Amino acid sequence: MPKQCQNCGSLWGDDSRFCGDCGTPLRSAAPRREVAGAGVPAPLLWLMDLCPGAFKPLVLIASLAAIAFALMALWLAVFILQMGAMISAFAIGGAGVMVYWTALGWLLYGYICVPVEAMCEFQSKHWMALVMASVVPAALFLMLMKAAAGR
């Protein structure tokens with residue numbers, strides 16, 4: 001479809017970018033593209049930007065499975081701590097925390113990968129989310145450990 005100059009009305013071919021008569025840039029009548037996220041509520045767009053892995057089924061399932069494994073490891077660490085084997089409890093608890101951070105990295109990065117790869121791409125909002133998602137459960141875990149050690 002030929003392009004028409006908005007200034008002088010001359011017709012030019014599809015591959016022309018400027019009018020050969022007056023030099024005005026030619027615009028094509030290309031269809032308008034839909035803006036990404038149109039019609040999506042702002043809080044959901046914010047969450048999709050912060051945590052893209054939550055909207056990818058494979059990443060979400062793998063992350064939830066890893067978080068479940070981490071919770072079982074932490075529960076086992078508390079159980080072993082009750083028996084008095086502190087070094088074993090800390091080793092198992094540390095492994096649980098590492099698996100938990102890996103799962104959070106997948107959710108925040110959007111892909112299943114090595115945690116270092118995900119964390120190298122993090123922006124400040126991702127680091128803040130990772131810290132908050134670690135501090136709150138850690139505080140709950142420490143309260144649980146205190147209750148278990150106090151028996």
Side-chain angles (χ1 to χ4, degrees), residues 1 3-6 13-19 24-151:
M1 178 175 170
K3 296 179 184 177
Q4 185 173 11
C5 177
Q6 300 291 332
D14 288 341
D15 56 345
S16 300
R17 294 184 358 176
F18 297 95
C19 176
T24 304
L26 300 174
R27 289 187 229 135
S28 62
R32 296 184 67 182
R33 289 191 294 163
E34 190 85 13
V35 176
V40 178
L44 187 58
L45 278 177
W46 177 82
L47 184 62
M48 290 171 70
D49 182 47
L50 176 68
C51 192
F55 298 93
K56 296 181 178 178
L58 182 62
V59 175
L60 181 62
I61 290 169
S63 297
L64 291 176
I67 290 171
F69 179 80
L71 289 175
M72 287 188 328
L74 293 174
W75 175 83
L76 182 61
V78 170
F79 181 74
I80 291 175
L81 184 64
Q82 287 179 341
M83 296 184 341
M86 293 184 77
I87 295 175
S88 297
F90 288 135
I92 293 171
V97 169
M98 292 305 295
V99 170
Y100 180 70
W101 269 42
T102 300
L104 289 177
W106 294 344
L107 286 172
L108 293 171
Y109 185 54
Y111 297 99
I112 298 172
C113 59
V114 180
V116 173
E117 180 183 342
M119 291 176 188
C120 284
E121 299 293 326
F122 277 4
Q123 298 172 359
S124 60
K125 62 184 174 184
H126 297 116
W127 282 109
M128 184 58 71
L130 183 68
V131 168
M132 292 303 295
S134 300
V135 169
V136 172
L140 295 173
F141 178 69
L142 290 174
M143 288 190 303
L144 179 65
M145 284 181 59
K146 182 179 178 184
R151 287 187 183 180

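Atom set for the values below is all heavy atoms of this structure, side chains included, hydrogens, waters and symmetry mates excluded. Owing to the predicted nature of the structure, the values given are computational and were not obtained by experimental measurement.
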Where Trp106 and Ser63 come nearest, the two heavy atoms and their spacing: CB-OG, 3.5 Å

Non-hydrogen atoms of Ala70 and Gly96 that approach each other most closely: CB-O, 3.2 Å

Contact check, side chains of Leu130 and Met119, non-hydrogen atoms, under 4.5 Å: yes

Salt bridge (Lys or Arg N to Asp or Glu O under 4.0 Å) contacts in which one or both residues fall within residues 122-134, not counting sequence neighbours: Asp49-Lys125

Side chain to side chain contact (heavy atoms under 4.5 Å, CB included) partners for Ala68, two or more places apart: none

Which residues share a ring pair (Phe, Tyr, Trp, His ring centres under 6.0 Å) with Phe122, sequence neighbours left out: His126, Trp127

Result block: side-chain N/O donor-acceptor pairs under 3.5 angstrom for residues 108-118, not counting sequence neighbours:
| from | atom 1 | to | atom 2 | distance (Å) |
| --- | --- | --- | --- | --- |
| Tyr111 | OH | Lys56 | NZ | 3.4 |

Sequence neighbours excluded, every pair satisfying salt bridge (Lys or Arg N to Asp or Glu O under 4.0 Å) that has a member inside residues 97-115: none

Atom pair CG (Leu50) and CG (Leu107), whose distance is rounded to the nearest 0.5 Å: 10.0 Å

Gap separating the CD1 atom of Ile92 from the CD1 atom of Ile87, nearest 0.5 angstrom: 12.0 Å

More than 12 heavy atoms of other groups within 6.0 Å of Leu142 CG: yes

Pairs meeting criterion ring pair (Phe, Tyr, Trp, His ring centres under 6.0 Å) with involvement of residues 76-97, two or more places apart: Trp75-Phe79

Ring pair (Phe, Tyr, Trp, His ring centres under 6.0 Å) partners for Trp46, two or more places apart: none

Inter- and intrachain pairs under salt bridge (Lys or Arg N to Asp or Glu O under 4.0 Å), touching residues 66-78, at least two apart: none

Over all atoms of both residues, closest heavy-atom pair of Ile80 and Ser88: CG2-CB, 4.0 Å

With sequence neighbours excluded, residues passing side chain to side chain contact (heavy atoms under 4.5 Å, CB included) with Leu71: Ile67

Side chains of residues 97-104: which donor-acceptor pairs under 3.5 Å do they make with residues two or more places apart or in other chains?
| from | atom 1 | to | atom 2 | distance (Å) |
| --- | --- | --- | --- | --- |
| Tyr100 | OH | Ala133 | O | 2.6 |
| Trp101 | NE1 | Ser134 | OG | 2.8 |
| Thr102 | OG1 | Met98 | O | 2.9 |

